[in-house]
Structure formats: structure tokens, C-alpha cells
Enquirer: 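Encoded as C-alpha cells, here's the structure I'll be asking about.
In listed order, ligands and their atoms are each counted from 1. Quick caveat: nothing in here was measured; it's all calculated off a predicted structure.
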Amino acid sequence: MSYSLPQIEWFAKPDPATGESGLRFQCTMCGNCCSGPEGYVLVDDKEAAAFAAHFGLAVQDFLAQYTRSTVAGRSLIEKTTSYGNDCIFLDREKIPGKAVCGLYELRPKQCRTWPFWKSLLVSRKRWELAARMCPGINKGPRFEPDEILKRRDVIDI
Ligand code: SF4
């Protein structure tokens, strides 16, 4: 009988440079992840219903007004600003010099789990590539591997 060993994720092993396992992240509210080139912010049915209730809209009306269909699924729309394509709910006015989610409590899973996405956690190289765009990566408190896995497995992106 043969046994396969469970895969140990790279972020669960000590970083040769720091001796730490896990990953650090703290948002600086720069807005980079909510802007730039055209992208998508996926919303599922439950999230759409919560947004619709917030605006006092029927779900269908919310979907028609604030979302669009993409290859990845239904996404919030964007608005063109001098920064690029901002998420429709990105607020650059509330805190001077910062960009924050205007509906933070309702933010979709895609936003809640950033930057612990499967696509970024495939390798340290990919993680470090994301750090070039997101100044919050590798800063702030350390997330334990278990917590990272919990967040990673919330959404397939
Ligand atoms: S790019 Fe990173 S630091 Fe900037 S708003 Fe997004 S999560 Fe925060």
C-alpha cells in the first residue's frame, strides 16, 4: 500500500529570508486593487441581494444598474477616473489621499479575501508579483497558514 504525503504549501514553510511562516498583509487604502485596467469584482446571488436591499432595489434592477456579465461571471461595473477603471463603489473622497470601499460591510468575497487568492498563492513568485501592485502585501500583521487557507478556499479566483 502506498501513501501520498499531504502537500505542504510554500507559505507554511519558513521563509528563508525571515525564518517566518505565513504571510503578512495590511491594506494601506491605496485603491490599486480596485482600479487600473478593466477588471472584474464578482458578485454572487447572495451578495447581489444584499446590495439590492441596501439600495432599496429589486435584485434584477440592482443587477441591471450596477453589474455586467463577464467571462468570469457577474461583476460590479466600473467608472472611468484619472486613475483608470475604478470599482463603481470605490470612494476617493471620504478619506483625503486614500481610496476606500464605499460599501465596505457589503464588499463581495473577492474583496474580503484579497490577497489570499488561489491565483496569487500558487507560488512565492506570483505572490511577490502581486506585491508590486499592492503595497499592503508583505506588510503588517502575519497571517498563519491555517488562516490563509481558510481565506483562499472561500472563492475560486
Ligand atoms: S492594492 Fe493592497 S494596499 Fe492598496 S487598497 Fe488594495 S489591498 Fe489595500
Enquirer: Whether the N138 and W127 side chains hold a donor-acceptor pair (N or O, under 3.5 Å, no angle test) is what I'd like checked.
Expert: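 A donor-acceptor contact under 3.5 Å links the two side chains.
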Enquirer: Quick check: F89 with F55 (ring centres under 6.0 Å apart)?
Expert: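 When the ring centroids of F55 and F89 are compared, they turn out to be within the sub-6.0 Å range.
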Enquirer: Just to be sure I'm reading this right: ignoring hydrogens, which of C101, P135, C33 gets closest to atom 6 (Fe) of ligand 1? Compare them by their nearest heavy atoms.
Expert: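 When every heavy atom of C101, P135, C33 is considered, C33 comes closest to atom 6 (Fe) of ligand 1.
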Enquirer: T28 heavy atoms, cut-off 4.0 Å: which ligand 1 atoms fall inside?
Expert: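 Numbered from 1, ligand 1 contributes 3 (S), 8 (Fe).
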Enquirer: Atom 8 (Fe) of ligand 1 to C27: any N/O/S contact under 2.8 Å?
Expert: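 Checking atom 8 (Fe) of ligand 1 against C27, an N, O or S atom does fall under 2.8 Å.
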Enquirer: Could you check whether F51 and Y66 have their ring centres less than 6.0 Å apart?
Expert: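 So the answer is no for these two rings.
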Enquirer: How far apart are the C-alpha atoms of R151 and T113, what are their side-chain angles, what is the distance that settles it, and do they pass the side-chain hydrogen bond (donor to acceptor under 3.5 Å, both in side chains) test?
Expert: CA-CA 6 Å; R151 294 178 184 225; T113 56; over 6 Å; no
Enquirer: In ligand 1, which numbered atoms sit nearer than 4.0 Å to a non-hydrogen atom of C134?
Expert: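 Under 4.0 Å from C134, ligand 1 has these atoms: 1 (S), 2 (Fe), 3 (S), 7 (S).
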Enquirer: Short check: any N/O/S atom of C30 below 2.8 Å from atom 2 (Fe) of ligand 1?
Expert: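 No, since none of the N, O or S atoms of C30 sits under 2.8 Å from atom 2 (Fe) of ligand 1.
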Enquirer: Quick one: which ligand 1 atoms are inside 4.0 Å of a heavy atom on F25?
Expert: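 Near F25, the atoms of ligand 1 are 7 (S).
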Enquirer: With heavy atoms of W114 as the reference, note each atom of ligand 1 found under 4.0 Å away.
Expert: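 Here the atoms of ligand 1 in question are 2 (Fe), 7 (S).
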Enquirer: Is the shortest distance from a Lys or Arg side-chain nitrogen in R24 or E20 to a carboxylate oxygen in the other one below 4.0 Å?
Expert: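 Here R24 pairs with E20 in a salt bridge, since their nearest N and O are under 4.0 Å apart.
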Enquirer: Between E144 and R142, does any side-chain N to carboxylate O distance fall below 4.0 Å?
Expert: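 Salt bridge flag = yes for R142 with E144.
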Enquirer: With a cut-off of 4.0 Å, which atoms of ligand 1 are near a heavy atom of G31?
Expert: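 Here the atoms of ligand 1 in question are 4 (Fe), 5 (S).
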